[in-house]
Structure formats: structure tokens, C-alpha cells
Amino acid sequence: MEATQEIIDRIAYLQAELTKYGMAYYVKDQPLVDDATYDALYRELEELEASYPQYQTEDSPTARVGGIILPGFEKAIHEIPLYSLSDVFTKEELFAFDQRVQKTLGYEPKYVCELKIDGLSISLTYEAGRLVRAATRGDGTVGENITENIKTVQSVPLRLPQEIDLEVRGECYMPKASFLALNQKREEEGLETFANPRNAAAGSLRQLDSKITASRNLSTFLYTLADFGPLQVTTQEEALVHLGELGFRINPEHHVCHSIEEVWSFIEDFHDKRSELPYEIDGIVVKVNEFAAQNSLGFTVKAPRWATAYKFPPEEAVT
Ligand SMILES: NC(=O)c1cnc(N)c2cc(Br)sc12
């Protein structure tokens, strides 16, 4: 059925508005409209796109409901491998990490501390600002292509505000509240429950039916770029701010520390706070903030010399 210009404009307006509302709600955690308003506009867009499917775009908010059932997951090669982190478990080991860094750099650098999210590492590739691939970490070099499933995760932008090529990495996780609700539902249905939110997130992302993924209320925190080429940033802190400006969901608990003692007090602070967080963390990631210093320090076979993860003892099970 041919659409009048008025209908074409209305569809475009609704797609843009609902994308803006979705970003505010799922990425910035600051809703712009109440649920009833959002739902009414969403239903109007669904009806218009059903009548005029030629105007349903790939990045329309209605494209997030899933519905693709894959026979299996294709392999996804990571041109730039995803690194893993060396772990430290005590204050002494953390201070020894700082000593090694200072020995190489010849000075004490600023560090940035970030929460280590207990989810599933993912890599998102954008071409001309559009999401073209999402992949699990796998072994760091070969993962699984989970693009159709990631498209149903509301906090993942389908389109960026700039038409740039970019690969970002981060964590996909299931909030504690969603984990509890999911396990309660599964128990009522006589299904096996998930042991923890991380397993629930992994199980939800590795579904062949993306409608199931869409129902699991997954979220994300992005924290690094595979390469910093397209962005003019010189520190990790700047990179986080810039990723936020591009529309990615960034964990707000990042903090620049001017000494390893300050890093330690951040760690102690979150050791107590972690049980109040709405998501699980299994430690604190400590990174040298300046990219030039990171480049001087480089990598061991698997892990960066410019970062480490201080690991917390396992949290009491979320029940
Ligand atoms: N903020 C971060 O760098 C971060 C957060 N959460 C995680 N699970 C991981 C894992 C690696 Br590897 S880095 C990182």
C-alpha cells in the first residue's frame, strides 16, 4: 500500500522519538516519558510499519523484538584479539603490580579504576555508524557471532550519532533483579535454574532463538575500543567519556587515582558497596590511564602489563 507523505513523516518521527526515549531509559537510566506514553507510541509505530513494511528500517525500535532462529552460531574472528587480565588477590600483590609499572615507566602513573562486571565479554563492530557484528569473546581470537541476539539488548545502540567505523568491547550482564525473577519463573515451570547471573547472561546470549534473548532483560557496560584510531582520545578516562557520548552504556563508577594508595582505598570502598549494586561484580580493574604509558608497557603473551584485576572473594549467592 502506498503511503502519503504525512504517513512517511509520522513513521520517521516515531522511529526517531522512540529511539531517543529508549536511549534515555536503557542507556542513561533517565526516562524522558512514562511507560504508558512510550507504549502508545510504540503500538502506533508497530501498526504503521505493519501497514507500510517498506518503511520499517533495520534500526527501528521495533527491530529489537527478535524472531530470528539460527541453526547455529557462525565463528567470529577477532582481528584485534581480546586481552585477558592478570589477577591480584591481595594488597601486597597490587602494590607489586604498581612497582613493576613504575620500574618500566620511571614514574608513578595515574590509574583509572573500573568495576569488573561479572557478565560475558562482547565485541561490537560498527560500519558507517551501523551495528554490523556482535561477537562473544570466545578464546580471545575466535568467538561466536551473536549479532541477532545482541540486537535485542535494548542498551546496545543499533546506530551511532556519527557514521564512523568502530569496534567497542565490554560486558553483557543480567541485573540481579532480572536473575531472581528468571529463576523464580523457571522454578515455577519446573525448569533448571541458573547458578548465577553470569551463567544466566551467557545462556541468554547463546540462544538460537533471539526472541528468548529479547525476553531476558540483558544490559551492557562498554569499556574499551579495539582501536582508538577513529577517536582523538589519549587516556582511558577520556575514552569512557567519549564512548558515553557515542550512546554506549558506561558504568558510572570509574575513578582516576593519583597513587596506588588511592586505588587501594577505591577497592576497599567497593568491597563493602558491591552487595548494594544492582549487578554482580567480581573485582576492580586497575588500568594505567595514559595510552602512551600503556603502549610503553605493552602486553605479556595474554595480558596487558598496564592493567590488573583485583579479585574479590565470591559474593554470597544472590537469592
Ligand atoms: N572495565 C573493564 O575494563 C572491565 C570490566 N569488566 C570486565 N569483566 C572486564 C574484563 C576485562 Br579483560 S576488562 C573488564
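In listed order, ligands and their atoms are each counted from 1. Below, each value reflects all heavy atoms present in this structure, side chains not excepted, and no hydrogens, waters or symmetry copies.
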Starting from [atom], what is the nearest protein heavy atom, named by residue and atom, and what distance separates them?
atom	answer
atom 3 (O) of ligand 1	K287 NZ, 2.7 Å
atom 12 (Br) of ligand 1	Y83 O, 3.4 Å
atom 1 (N) of ligand 1	E114 OE1, 2.6 Å
atom 6 (N) of ligand 1	I117 N, 3.0 Å
atom 11 (C) of ligand 1	L85 CD1, 3.6 Å

> Strictly under 4.0 Å, does any heavy atom of H254 approach an atom of ligand 1?
Replying inline: no
>> Could you check whether any heavy atom of L115 sits closer than 4.0 Å to an atom of ligand 1, since that is the contact criterion I want to use?
In response: yes
>> Parallel, tilted or perpendicular, judged at 30° and 60°: which one describes the rings of Y83 and F299?
In response: tilted
> With respect to atom 10 (C) of ligand 1, which of Y173, F221, Y223 exhibits the smallest heavy-atom separation?
Replying inline: Y223
> By number and element, which atoms of ligand 1 are closer than 4.0 Å to a non-hydrogen atom of V285?
Replying inline: 2 (C), 3 (O), 4 (C), 14 (C)
>> Within the 4.0 Å heavy-atom shell around K116, which atoms of ligand 1 are there?
In response: 5 (C), 6 (N), 7 (C), 8 (N)
> Where's the contact between D118 and ligand 1, heavy-atom distance under 4.0 Å: side chain, backbone, both or neither?
Replying inline: neither
>> Just to be sure I read this right, does ligand 1 sit under 4.0 Å from the backbone of E171, its side chain, both, or neither, counting only heavy atoms?
In response: side chain
>> We want to know whether R249 and S219 form a side-chain donor-acceptor pair, criterion being a heavy-atom distance below 3.5 angstrom.
In response: yes
>> Between E290 and T234, is there a side-chain donor-acceptor contact under 3.5 Å, judged purely by atom types and distance?
In response: no
Using every non-hydrogen atom in the two residues, find where [X] and [Y] come nearest and quote the distance to one decimal.
X	Y	result
S86	T308	O-OG1, 3.0 Å
Q15	Q56	NE2-CA, 4.1 Å
A202	L120	CB-CD1, 3.7 Å

>> Do D282 and K311 have side chains that approach each other closer than 4.5 Å (heavy atoms only, starting at C-beta)?
In response: yes
>> Between C257 and K110, is there a side-chain heavy-atom distance shorter than 4.5 Å?
In response: no
